Amino acid sequence: MADKKMVEEITSMDVDFAQWYTDVVKKAELVDYTSVKGCMVIKPAGYAIWELLQRQLDERFKKAGVENVYLPMFIPESLLQKEKDHVEGFAPEVAWVTHGGMQPLQERLCVRPTSETLFCDFYKNDIHSYRDLPRVYNQWCSVVRWEKETRPFLRSREFLWQEGHTAHATAQEAEERTIQMLNIYADFCREVLAIPVIKGRKTDKEKFAGAVATYTIEALMHDGKALQSGTSHNFGDGFAKAFGIQFADKDNGQKYVHQTSWGVSTRLIGGIIMVHGDNEGLVLPPRVAPVQVCIIPIQQKKEGVLDKAYALRGILEKNFRVKVDDSDKSPGWKFAEAEMRGACLRLEVGPKDIEAGKCVLCRRDTREKVEVAFEELESRVGELLDTIQREMLQRAEAHMASHTYTASTMEEFENLFREKSGFVKAMWCGCQECEDKIKEKLAVTSRCMPFEQENVADTCVCCGKPAKKMVYWGRSY
RNA sequence: CGAUGCGUGGCUCAGCUUGGUAGAGCGCUGCGUUCGGGACGCAGAGGUCGCAGGUUCGAAUCCUGUCGCAUCGACCA
């Protein structure tokens with residue numbers, strides 16, 4: 001890997017990680033700010049990533065029996081207020097519509113911050129019999145939360161996401177669906193985004209407003225901070241009781257449904273940037289890279305060069321996403337541009353190459369260059385993209401492993417968070433006072449109680465009472 | 001919601017202290033030469049200085065208010 005910094009406009013991540021992130025987002029032309037605080041334009045380069053991600057996740061949903069629907073973006077205030085914990089959780093950050101044209105509305109409408117209440121209102125009329133169950137619906141939409149502090153992709157006031165909402169006849173089936181969807185998210189992050197995650201359950205303090213149990217996947221960013229990357233909630237029958245969603249079971253008894261909801265958002269794009277990016281800009285896993293091969297002609301005005309570039313595109317575009325940069329910028333400029341935008345492979349082709357019947361391929365992730373004969377190009381590109389995808393995951397896994405620590409005493413725990421950044425595994429007694437104390441003292445929160453439990457000590461790291469769970473702790477986005 | 005910073009061509013900023021013809025670099029347009037890690041020459045276009053009041057013969061500059069954005073904290077995908 002070259003030490004020389006090729007792109008001067010991007011702040012080095014070791015100097016200021018937050019600024020690096022903002023620079024990459026801007027320079028890779030993923031988003032633009034707008035005149036509404038916290039609302040962003042997702043530009044073609046950014047939206048293309050979302051489309052690829054969305055398509056592949058949606059395929060996995062469909063295989064799991066999920067059907068897509070679309071519900072309105074407005075929620076009448078009375079509807080939002082039916083479930084007590086839920087309102088309290090969301091009230092501080094909802095946006096309200098108070099007028100239609102010039103006329104004040106009889107009842108104000110909230111712009112959905114999430115759609116549990118709408119799905120419940122719909123399900124109560126839609127579900128009558130056990131034969132109507134389960135309902136496994138999902139919608140791709142945007143939601144609005146009036147955040148005070150905003151950052152592109154990580155926390156915006158409006159963001160794109162999917163929200164799945166299911167209704168089941170039994171508690172067990174709901175729990176199974178909750179875990180099934182969490183597993184789909186985790187596999188998707190690993191296999192498509194090359195991001196390893198920790199699967200686990202949130203503590204009561206951190207769980208979703210109105211849920212019986214919230215499960216989460218937690219990823220570790222390059223700076224050692226955690227990013228909650230997806231959640232899956234089991235609601236039990238709490239919403240069903242608040243909204244009166246009943247069905248006639250086989251025994252002809254009226255029963256309440258058991259519900260779940262689960263979601264991931266454009267925040268995942270922020271995760272991709274902060275897990276894989278480097279000082280030259282974006283590094284995208286091939287499976288979500290809008291441009292997998294960027295062909296850069298050298299001396300493109302020379303006879304035959306551009307023709308060759310287009311011919312190579314013709315061969316490659318059957319199986320890969322390919323772009324020819326035939327703008328009249330200099331090659332060096334194009335190299336830097338392709339790197340900033342995260343094109344997985346750069347293909348250089350010039351008069352010398354054409355004469356020799358080969359071209360140059362350069363990997364974005366390692367900068368490794370290889371010369372490839374034209375006849376081998378197609379297979380070599382496929383191999384290289386597979387290799388990049390695999391090695392990006394391996395590097396991310398190694399990073400997470402080397403930034404995951406264990407503490408059995410408060411002293412160790414404090415020292416780790418003072419000196420290092422990453423996950424710390426430590427035991428917990430199960431009481432919220434200890435979580436609060438840790439948060440106040442170190443600005444660290446419980447990320448999750450992982451499914452894969454280990455006994456790293458017998459007593460709570462904070463209070464010393466007998467431990468109930470091993471918890472991943474960290475500073476989070 | 002608290003703290004801090006910033007609003008001047010598309011972008012980054014200078015000019016403001018001490019009021020007097022609106023500036024630079026980059027980008028953009030045209031032509032030409034270049035091209036294996038952000039090339040260069042020449043010619044051009046482009047701004048009621050965030051907004052509203054006030055002071056003044058005269059305000060980007062001083063005063064008051066207001067709006068917006070960014071960053072960091074407290075709360076959250």
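Residue numbers start from 1 in every chain, and the chains themselves are labelled A, B, ... in the order their sequence lines are given, proteins ahead of strands. None of the values given here were measured: they were computed from a predicted structure.
For the residue pair A:S232/A:T178, the side-chain donor-acceptor check at 3.5 Å is not satisfied. Between the side chains of A:E435 and A:T203, at least one donor N or O lies within less than 3.5 Å of an accepting N or O.
Ring-to-base geometry places A:F159 in a stacked arrangement with B:A77 (centre distance under 5.5 Å, plane angle under 30°).
Counting non-hydrogen atoms under 4.0 angstrom, A:V264 reaches nothing in the nucleic acid. Residue A:G350 is in base contact, counting any heavy-atom pair closer than 4.0 Å across all strands shown. Within 4.0 Å of A:K302, counting heavy atoms only, lies no atom of the nucleic acid at all. Within the 4.0 angstrom heavy-atom criterion, only backbone atoms of the sugar-phosphate kind lie near A:T150; the bases stay farther away. Nucleic acid contact for A:L154: base, since at least one base atom lies under 4.0 Å from a heavy atom of the residue. The residue A:T216 sits apart from the nucleic acid: no heavy atom pair falls under 4.0 Å. Backbone-only engagement by A:Q228 is indicated by non-hydrogen atom pairs under 4.0 Å involving sugar-phosphate atoms exclusively.
Distance, A:H86 NE2 to B:A77 C1': 13 Å, rounded to whole Å. The separation between A:E93 atom CD and B:C1 atom P is 15 Å, rounded to whole Å. For A:I354 and B:C35, the CD1 to C1' distance is 14 Å, given to the nearest whole Å. At whole-Å resolution of the value, CE in A:M40 and P in B:A70 are 12 Å apart. The nearest whole Å value for the distance from the CD atom in A:E339 to the P atom in B:G37 is 12 Å. Across the protein-nucleic acid pair, A:D32 atom CG and B:G68 atom P stand 20 Å apart, rounded to whole Å. Distance A:K334 NZ to B:G38 P: 14 Å, rounded to the nearest Å. Distance CD (A:E440) to C1' (B:G73): 14 Å, rounded to an integer number of Å.
Using P as the reference atom, B:C16 and B:U33 are 45 Å apart when rounded to the nearest Å. The gap from the C1' atom of B:G73 to that of B:U29 amounts to 47 Å, rounded to the nearest Å. Taking atom C1' on both nucleotides, B:G10 is separated from B:C49 by 16 Å, rounded to a whole Å. Only the C1' atoms considered, B:U8 is 27 Å distant from B:A3, to the nearest whole Å. Taking atom C1' on both nucleotides, B:G7 is separated from B:C13 by 12 Å, rounded to a whole Å. Rounded to the nearest Å, the gap between the C1' atom of B:U56 and that of B:U61 is 13 Å. For B:G41 and B:A59, the P atoms lie 40 Å apart once the distance is rounded to whole Å. Between the C1' atoms of B:A39 and B:G47, the separation comes to 30 Å (whole Å).
Between A:D278 and A:R364 there is a salt bridge, since at least one side-chain N of the basic residue sits less than 4.0 Å from a carboxylate O of the acidic one. The pair A:E414-A:K441 meets the salt-bridge criterion, since a charged nitrogen lies less than 4.0 angstrom from a carboxylate oxygen. A:E218 and A:K202 are joined by a salt bridge, as a carboxylate oxygen and a charged side-chain nitrogen come within less than 4.0 angstrom of each other. The residues A:E67 and A:R135 are annotated as not salt-bridged, no charged nitrogen and carboxylate oxygen being separated by less than 4.0 angstrom. Between A:E191 and A:R287, no side-chain nitrogen of the basic residue sits less than 4.0 Å from a carboxylate oxygen of the acidic one, so the salt-bridge criterion is not met. Taking the charged nitrogens against the carboxylate oxygens, A:E149 and A:R155 have no contact shorter than 4.0 Å, which rules out a salt bridge. In summary, A:K62 and A:E59 do not engage in a salt bridge, as defined by a charged side-chain N under 4.0 Å from a carboxylate O.
Side chain A:R346 to base B:G37: a donor-acceptor pair is found below 3.5 Å. Residue A:Q299 places no side-chain atom within donor-acceptor reach of the base of B:G36, judged by atom type and a 3.5 Å distance cut-off alone.
Closest contact between the side chain of A:E149 and the listed nucleotides B:C75, B:G36, B:A77 involves B:C75. Candidate nucleotides B:U71, B:C35, B:A77 were compared by shortest atom distance to the side chain of A:R267, and B:A77 ranks first. Set against B:G38, B:A77, B:C35, the side chain of A:I298 has B:C35 as its closest nucleotide. You'll find that the side chain of A:R155 is closest to B:C76, out of B:C1, B:G37, B:C76. Here B:G38 is the nucleotide among B:G38, B:C76, B:G36 with the atom lying nearest to any side-chain atom of A:A336. In the set B:G37, B:A74, B:C35, the nucleotide with an atom closest to the side chain of A:R367 is B:G37.
In terms of position on RNA chain B, the residue among A:T22 and A:K207 whose nearest nucleotide sits closer to the 5' end is A:T22.
Nucleotide B:U48 is matched to nothing when pairs are restricted to Watson-Crick or G-U wobble geometry with both distances under 3.5 angstrom. Summarising the base pairing, B:A22 is matched to no nucleotide, lacking a Watson-Crick or G-U wobble pair whose two defining distances lie under 3.5 Å. Using N1 to N3 plus N6-O4 or O6-N4 for Watson-Crick, or N1-O2 and O6-N3 for G-U wobble, each under 3.5 Å, B:G36 pairs with nothing. Across all strands shown, B:A60 remains unpaired; no Watson-Crick or G-U wobble contact has both distances below 3.5 Å. The base-pairing partner of B:U55, taking Watson-Crick or G-U wobble contacts with both distances under 3.5 Å, does not exist among the strands shown. The nucleotide B:U71 finds its pairing partner in B:A3, both defining distances of the Watson-Crick or G-U wobble pair being shorter than 3.5 Å. Summarising the base pairing, B:U29 is matched to B:A43 through a Watson-Crick or G-U wobble pair whose two defining distances lie under 3.5 Å.
A tilted orientation is assigned to the rings of A:F119 and A:Y123, their planes being inclined by 30° to 60°.
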Could you go over nucleotides 27-34 of chain B and give all protein N or O partners under 3.5 Å, atom names and distances?
from  : atom 1 : to     : atom 2 : distance (Å)
B:C28 : OP1    : A:K329 : NZ     : 3.1
B:U34 : O4     : A:K301 : NZ     : 3.2

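At B:C75, one or more side-chain N or O atoms of A:K439 fall inside 4.0 Å of OP1 or OP2 (strictly under the cut-off).
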From CA spacing to verdict: salt bridge (charged side-chain N to carboxylate O under 4.0 Å, His left out), A:K205, A:D436
CA-CA 9 Å; A:K205 178 180 161 69; A:D436 290 342; 3.0 Å; yes

